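This report refers to the structure that appears directly beneath it.
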Amino acid sequence: MARILTLTLNPALDLTLRLERLEPGQVNRSLAQVSHAAGKGLNVAQVLADLGHRLSVAGFLGADNPEAFEALFARRGFVDGFVRVPGETRSNIKLAERDGRITDINGPGPHVSERAQVELLDRLDQLAPGHDVAVLAGSLPGGVDPAWFGELLRRLKRHGLKVALDSSGEALRAGLLVTPWLVKPNTDELAEICGRPLEAGDALAAEAAHLQALGIDQVVISQGARGVSWFGPDLALQALPPKVTVVSTVGAGDTLLAGMVHGLLSSWSATHTLRHATAIAAQAVTQVGFGLGDAVQLQQLESAVQVQALAEQQEVPR
Ligand SMILES: Nc1ncnc2c1ncn2[C@@H]1O[C@H](COP(=O)(O)OP(=O)(O)O)[C@@H](O)[C@H]1O
Ligand SMILES: O=P(O)(O)OC[C@H]1O[C@](O)(COP(=O)(O)O)[C@@H](O)[C@@H]1O
């Protein structure tokens with residue numbers, strides 16, 4: 001069991017509405033709705049807690065609607081390092097149609113003052129020592145500069161934590177410059193950073209080689225139903241998940257990230273790590289929300305994941 005700190009600078013209340021079919025511009029009636037205290041770092045924390053780790057969670061939380069988050073922290077026994085900021089934590093709307101299509105409408109989040117940012121850094125100086133890994137995941141709220149985000153990663157590294165990063169756009173770009181231990185972009189996020197499409201396998205491998213040349217040990221590239229490419233020191237593997245009935249893909253990336261961190265911290269073999277992480281991510285898409293579900297189903301999914309070696313990585317000219 002490891003001690004893990006996750007940072008969610010821009011958490012969200014995820015409101016998932018299940019619909020037969022979305023008709024834009026019409027009155028739509030939902031079949032069911034469910035609301036979760038969420039955000040990428042908090043989702044990762046919940047899966048890591050399911051996998052047996054001890055969690056601390058931090059970031060910025062709106063002072064006007066903290067109840068669902070505080071209830072989650074109490075229920076899961078998370079150490080709460082969140083700085084409260086004026087305003088409301090955002091709500092992110094997830095429209096889940098019967099055929100598995102998901103439409104996300106993610107809000108901007110409250111504005112975070114410089115003072116609150118200083119407070120979080122001070123708090124992390126107290127909280128971070130003693131943790132093995134920091135997972136930084138999700139977007140930046142208003143007022144938070146990507147350069148500040150880079151400084152945050154640097155500080156966590158200075159405290160001796162391995163840093164795992166899952167973000168997008170400028171925050172991802174700033175984080176990559178600080179060379180985290182592990183990074184988990186999806187193909188679109190990586191393509192945006194490198195400014196070219198990454199459809200072909202050799203383009204992915206070349207981009208991963210570039211990131212590894214910067215000093216990033218573990219590059220995990222998620223590709224939705226097409227699975228995962230994992231480039232580690234001396235390994236390049238591809239996992240293909242089994243076909244599953246998609247209920248909601250929200251949280252699949254967070255679950256995959258948690259699974260990879262868990263396997264690596266547990267010193268499992270590479271194949272076991274990737275197979276298990278891919279299976280729990282596939283299980284996540286079969287439910288609204290996520291988290292480790294039925295053990296028999298998980299075992300079947302794990303047996304059905306196909307893992308194979310990827311062809312030699314290629315150098316990318318820069
Ligand atoms: N339809 C699906 N069937 C099975 N597994 C899936 C499906 N969609 C996503 N996954 C799993 O979840 C992982 C993360 O999903 P992805 O959509 O790539 O991430 P993100 O949510 O970060 O964009 C994938 O790499 C895959 O292992
Ligand atoms: O911070 P962002 O990029 O807006 O993402 C937040 C959203 O991502 C999620 O964590 C889901 O992420 P994944 O589907 O990538 O696992 C939602 O719970 C949340 O609403």
Side-chain angles (χ1 to χ4, degrees), residues 6-16 34-47 59-60 68-69 72 89-96 99-109 135-142 144 149 165-172 183-192 198 204 220-230 237-260 274-291 297-298 301-302 304-307:
T6 74
L7 275 140
T8 317
L9 300 181
N10 202 8
L13 284 169
D14 276 0
L15 176 63
T16 306
V34 46
S35 166
H36 293 117
K40 290 196 197 302
L42 284 175
N43 297 352
V44 173
Q46 292 175 74
V47 179
F60 302 110
F69 295 90
L72 170 72
T89 296
R90 64 188 171 147
S91 289
N92 286 347
I93 313 297
K94 316 285 167 183
L95 303 174
D99 66 1
R101 187 172 72 156
I102 290 276
T103 304
D104 290 76
I105 306 174
N106 290 359
V135 179
L136 284 84
S139 58
L140 303 184
V144 174
F149 184 62
L165 172 67
D166 179 10
S167 192
S168 52
E170 289 309 310
L172 175 58
V183 60
K184 192 227 72 75
N186 65 30
T187 325
D188 291 343
E189 290 159 350
L190 191 57
E192 188 192 348
L198 293 174
L204 275 191
V220 179
I221 305 170
S222 66
Q223 297 143 61
R226 285 179 294 133
V228 190
S229 300
W230 175 22
L237 294 176
Q238 177 73 31
L240 180 67
K243 203 166 171 39
V244 293
T245 304
V246 178
V247 174
S248 164
T249 53
V250 176
D254 303 333
T255 305
L256 174 71
L257 173 56
M260 291 302 298
L274 185 58
R275 186 183 288 284
H276 178 259
T278 306
I280 61 174
Q283 189 174 47
V285 308
T286 66
Q287 45 182 315
V288 170
F290 49 86
Q297 182 202 27
L298 182 57
L301 289 170
E302 201 168 332
V305 172
Q306 294 174 39
V307 175

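Please read these numbers as outputs of a predicted model, since none were measured by experiment. Atoms within a ligand are numbered from 1 in the order they appear, just like the ligands themselves. All values below were derived from every heavy atom in this structure, side-chain atoms included, with hydrogens, water molecules and symmetry-related copies excluded.
For ligand 2, the protein residues placed under 4.0 Å by at least one non-hydrogen atom are Asp14, Ala38, Gly39, Lys40, Asn43, Arg90, Asn92, Lys94, Asn106, Gly138, Ser139, Thr249, Val250, Gly251, Ala252, Gly253, Asp254.
Within the model, atoms CE of Met260 and CG of Asp166 stand 12.5 Å from one another, a figure rounded to the nearest 0.5 Å. For the atom pair CD1 of Ile221 and CD of Glu189, the computed distance is 11.0 Å after rounding to the nearest 0.5 Å.
No side-chain donor-acceptor contact under 3.5 Å links Thr286 to the backbone of Val246. A donor-acceptor contact shorter than 3.5 Å links the side chain of Arg275 to the backbone of Glu302. Of the possible donor and acceptor atoms, none in the side chain of Asn186 sits under 3.5 Å from a partner among the backbone N and O of Ser222.
By the salt bridge (Lys or Arg N to Asp or Glu O under 4.0 Å) test, Lys40 is found to be paired with no residue, residues two or more places apart in sequence or in another chain being considered. With sequence neighbours excluded, the residues that form a salt bridge (Lys or Arg N to Asp or Glu O under 4.0 Å) with Glu170 are Arg173.
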Which N/O atoms of ligand 1 sit under 3.5 Å from a protein N/O, and at what distances?
| residue | atom | partner | partner atom | Å |
| --- | --- | --- | --- | --- |
| ligand 1 | 18 (O) | Ser222 | OG | 2.8 |
| ligand 1 | 18 (O) | Gln223 | N | 3.4 |
| ligand 1 | 18 (O) | Gly224 | N | 2.8 |
| ligand 1 | 19 (O) | Ser222 | OG | 3.3 |
| ligand 1 | 21 (O) | Gly253 | N | 3.4 |
| ligand 1 | 22 (O) | Lys184 | NZ | 3.1 |
| ligand 1 | 23 (O) | Asn186 | ND2 | 2.8 |
| ligand 1 | 25 (O) | Gly227 | O | 2.9 |

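Checking Glu192 against Ser168 by side-chain atom types alone, no donor-acceptor pair falls below 3.5 Å.
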Q: Evaluate side chain to side chain contact (heavy atoms under 4.5 Å, CB included) for Leu256 paired with Val228, printing each intermediate quantity in order.
A: CA-CA 9 Å; Leu256 174 71; Val228 190; 3.7 Å; yes
